[in-house]
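First up is the structure itself, then whatever we jot down about it.
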Amino acid sequence: MFWKFDLHTSSHLEALLDKEDVTLSELMDEEDVLQECKAQNRRLLLFLCQDQCMQELVTMITTEPPAGVEETKRFKYPNIACELLTCDVGVINDKLGNEEPLLETLYAFLEQPSPLNPLLASFFSKTIGNLITRKTEQVLNFLRRKEGFLSLVLKHIDTSAMMDVLLRLISCVEPPPLRLETLTWLNEEKLAQRLIELIHPERDEERQSNASQTLCDIIRLSRDQANQLQEISQPDPLLTVLESQESVEQLLQNMFSGERTESCIVNGIQVLLTLLEIRRPVVDGVMDAQGFERSYTVNSSILLAIEPHLRHFHQLLLEPPKRNPMLTTLGVLDEPLGNTRLHVARLVASLLYTSSASHAVVAQELCRLNTMDLLLDLFFKYTWNNFLHLQVELCVAAILRPCAHEMRLQPEQTLTETPTSEPSITPENSAHNLMVTHLFQHCHLVQRILEAWEENDKIQSEGGMRRGYMGHLTRIANTVVHNLEKGPVHTQISSLITGLPEDYRGRWETFVDQTLSETNRKNTIDLVGTGNPRPSSEDDMESPFPKELTLQQAFSDYQIQQMTANFVDQFGFNDEEFTDHDDSIGATFDRIAEININIDAGQDSANTAVFEACAKERIQPFDDDEEDIWEEKEINYVNSKAPAAGGGFAAWDTPVSQPAATDAEEKGWAKFTDFQPFCQMISSSLCAACVWSVCVARKAPLVASDSSSSSSSDSDEEEGKTESTSSETVTTETITTGAGKETIRLTVDAKNERAVFTRYTCSYTNEGWQLCLIGVMCPPSPTVL
């Protein structure tokens, strides 16, 4: 047992705490001081909560360290001090939140001149934010007594850490009544108006950017809190002020007063886009059918404030702030699009998507200014700017595909309508119809699509690059076709296309039926998959694979079929096979024994036919009428008499030449299908029967050996020798192996039409040479070799 040996090593921190004159710096030099503090080491917390130590910790995070210290160690102690103060230990939180002298030292950091040290500002923000969350009432009472608190925070708003302090006051105050009280206090201090004033061309860019981001976060946080805390009937005072027409007009006046700088315009538009947000991507909120959070209602006052300044935004599209030429991968861009015009396009798309009652006023002004026509010009001018292409596509989709709540009737109108009556022409609907007509008649949307497509085809046919807007142009064309078939304004779109010149109307029909359909077919082909591609319409399409790729596709389907859902579970070994139980020892062998190899030799299949065809091509049958390959060669045989029963045979008889064998003796092969081998040990005296001579390479059949090859061979691996009598021909070969020597003997009795194949092995042991008769094989039927 481990506790027997007392393996727990005492921390060096305990030894330091035992010292009477231990300092805070010595403790902070220990690596485990943070771990011990979070573990609520009682002795360490008692030491840290002393007045002198707490004052020293707060001073570290609010005072600039000495300049002479090494940069790597300069902010070491302030960092550790911040971690100790924000480690969320109740004793430290109580000490820091209840002691006003400590809060005064912390607050004094805001009174320093600008600019603040960004790292120390982050330490201050983290510490005060933790106190706002844990000691809310004490800290808020202290801050509200400071008259210049909000002014000091806005003074240092160019440091991003100050934004976090404001957002903590808005989002981290609980319970709801206290939060509402805090928001009322901030509103009384005119926080929203002060932030709007910071978005001005005369302010530096960092201050404008942080003020804009703070306003956007306040709007989103306030709307989220309003959705979550619906039991509070009183509206959020900050959100009410920001959505008011006066605040929006003040923001727009700051944007267009004096010199129009890109920073001021972009930051102002970001606030307007946040005010116009009707949906946000879901995070943890309530999700609707389209995967978005609950829709927000856009206040009509926002649109009423924006409408007089639409002409200023339209002018920005024509004359944006000057920018230097930009070098891109496709060459030098003399007049870049710029962030200003991109944000104006985003603003127009957001305005078209709003469902406010004042939407008709905005739509009419956009038509009067001909803003959509200008955006389409920029769409085709900046070929490679997909950010702009997306916004123009959204504008077209918003006009052709309005949301259902945009086309619905007003509540008082629904009471007077019969269930079967058509929707009445409201000002909003008439304005929307005006936008649709404007898009087709004045912006010439169909003509632009056809001409741009034909131009792209011409460029590609000449070896040029495909235009960068073609993907978005395809989606715009599909939006037109879709809403022409079953959109909410399909009747109006159909009449507008019918009113096109005859040339364009015919080209459009051909384009939709052929070019666009083929493009959709190519775009909907799955790069990886086994099924048919998803069609873009209800009509069936042909397989995307050409006929010559049918086999490759079939093989791909076969491979994918093998990867079933339980493939991973079946792959490899089971956990039981690695246990120590005796029952699992034979698991592997049991699995091998279960393998079933089923070969149906009698089954005639396509594979069998293919194999037979290949075999016939490679194996040439013997023809009795074929000319003998040995006919013109002199063949020598080694003649010997067959040994008598029980006696030996002559192994060194002088070879004599014999006439060539008859045709019947020279042609054909012996059939050894039913040979019965056997093995028998023979005494060492029979070793005289083994023939020893120089071995030659086997280059001729066993039946005979060419005299020229046998006489000139000097290899010691094998030897051919023929023994014959008047009635028998004996052919002998000896092969040297690692275990000894092996003799193969073929005795042919031509008279009796009999052939005997005998194999001997000779090996040397301690008792002498041993001769083993491996086997004798005789064909069952008379066969002449």
Side-chain angles (χ1 to χ4, degrees), residues 281 290-292 329-330 345 349 353 375-376 378-401 439-440 443-488 490 493-494 497 504-550 552-554 556-557 560:
Q290 285 75 30
F292 289 87
T329 55
L330 296 172
Y353 268 101
L375 287 176
L376 287 172
L378 297 175
F379 179 94
F380 294 107
K381 178 180 178 180
Y382 293 95
T383 310
W384 311 106
N385 196 319
N386 290 146
F387 298 105
L388 173 65
H389 301 158
L390 174 61
Q391 299 306 320
V392 177
E393 178 193 340
L394 292 177
C395 291
V396 175
I399 296 174
L400 299 181
R401 189 176 51 203
L439 185 63
F440 282 91
C443 299
H444 306 289
L445 179 62
V446 172
Q447 293 90 327
R448 286 176 180 267
I449 294 174
L450 295 175
E451 292 171 359
W453 205 288
E454 293 170 358
E455 181 184 0
N456 176 75
D457 292 343
K458 180 181 178 182
I459 293 175
Q460 284 191 281
S461 63
E462 296 174 355
M465 294 178 60
R466 183 174 183 262
R467 302 290 88 184
Y469 52 69
M470 289 304 296
H472 291 281
L473 190 64
T474 303
R475 296 175 61 173
I476 292 175
N478 283 326
T479 302
V480 174
V481 174
H482 175 76
N483 287 276
L484 175 62
E485 296 174 352
K486 49 186 177 181
H490 65 93
I493 297 176
S494 177
I497 292 181
Y504 281 104
R505 187 170 64 251
R507 289 164 58 186
W508 172 256
E509 293 175 356
T510 305
F511 168 77
V512 172
D513 295 338
Q514 299 179 7
T515 307
L516 185 61
S517 177
E518 176 65 18
T519 302
N520 290 333
R521 187 189 69 83
K522 292 179 180 179
N523 292 339
T524 52
I525 293 176
D526 292 333
L527 296 181
V528 177
T530 58
N532 294 327
R534 296 187 304 271
S536 58
S537 63
E538 297 179 358
D539 298 335
D540 294 336
M541 296 185 182
E542 297 181 357
S543 173
F545 300 96
K547 293 183 179 179
E548 58 270 15
L549 298 179
T550 303
Q552 289 87 332
Q553 178 63 19
S556 176
D557 293 345
I560 297 177

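From a predicted model like this one, the values you see are computed outputs, not experimental measurements. No hydrogens, no waters, no symmetry mates; every other heavy atom, side chains included, goes into these values.
Taking the side chain to side chain contact (heavy atoms under 4.5 Å, CB included) definition, one finds that Ser494 meets it with Leu484, Thr498, sequence neighbours left out. With sequence neighbours left out, the ring pair (Phe, Tyr, Trp, His ring centres under 6.0 Å) criterion links Phe511 to Trp453, Trp508.
Sorted by first then second residue, the salt bridge (charged side-chain N to carboxylate O under 4.0 Å, His left out) pairs that include residues 457-479, not counting sequence neighbours, are Glu393-Arg475.
To the nearest 0.5 Å, atom CG of residue Leu473 and atom CZ of residue Arg448 are 11.0 Å apart. Arg507 contributes atom CZ, which lies 6.5 Å from atom CD of Glu451 (distance to the nearest 0.5 angstrom). Leu400 CG to Phe440 CZ: the interatomic distance, rounded to the nearest 0.5 Å, is 5.0 Å. Rounded to the nearest 0.5 angstrom, His389 NE2 and Leu394 CG are separated by 13.0 Å. Distance CZ/Phe380 to CG/Leu388: 11.0 Å, rounded to 0.5 Å. If you take CG on Leu516 and CZ on Arg521, they are separated by 13.0 Å, rounding to the nearest 0.5 Å.
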Legend entry - Tyr469 vs Lys381, side-chain contact (heavy atoms from CB on, under 4.5 Å): CA-CA, chis, key distance, verdict: CA-CA 10 Å; Tyr469 52 69; Lys381 178 180 178 180; over 6 Å; no

Inset, instruction - Kindly determine whether His482 and Thr479 satisfy side-chain contact (heavy atoms from CB on, under 4.5 Å), including the steps that lead there. - result: CA-CA 5 Å; His482 175 76; Thr479 302; 5.8 Å; no

Inset, instruction - Test Thr515 against Thr510 for side-chain contact (heavy atoms from CB on, under 4.5 Å), laying out the working first. - result: CA-CA 7 Å; Thr515 307; Thr510 305; 5.8 Å; no

Legend entry - Residue pair Leu445, Ile476: steps toward the side-chain contact (heavy atoms from CB on, under 4.5 Å) verdict: CA-CA 9 Å; Leu445 179 62; Ile476 292 175; 4.2 Å; yes

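Here the closest heavy-atom approach between residue Gly468 and residue Trp384 is recorded as N-CZ3, 3.3 Å. When all heavy atoms of Cys395 and Leu375 are compared, the closest pair comes out as SG-CD1, 4.2 Å.
In terms of modelled atom types and a separation under 3.5 Å, the side chain of Asn478 and the main chain of Thr474 share a donor-acceptor contact.
The shortest distance between side-chain heavy atoms of Tyr504 and His444 does not fall below 4.5 Å.
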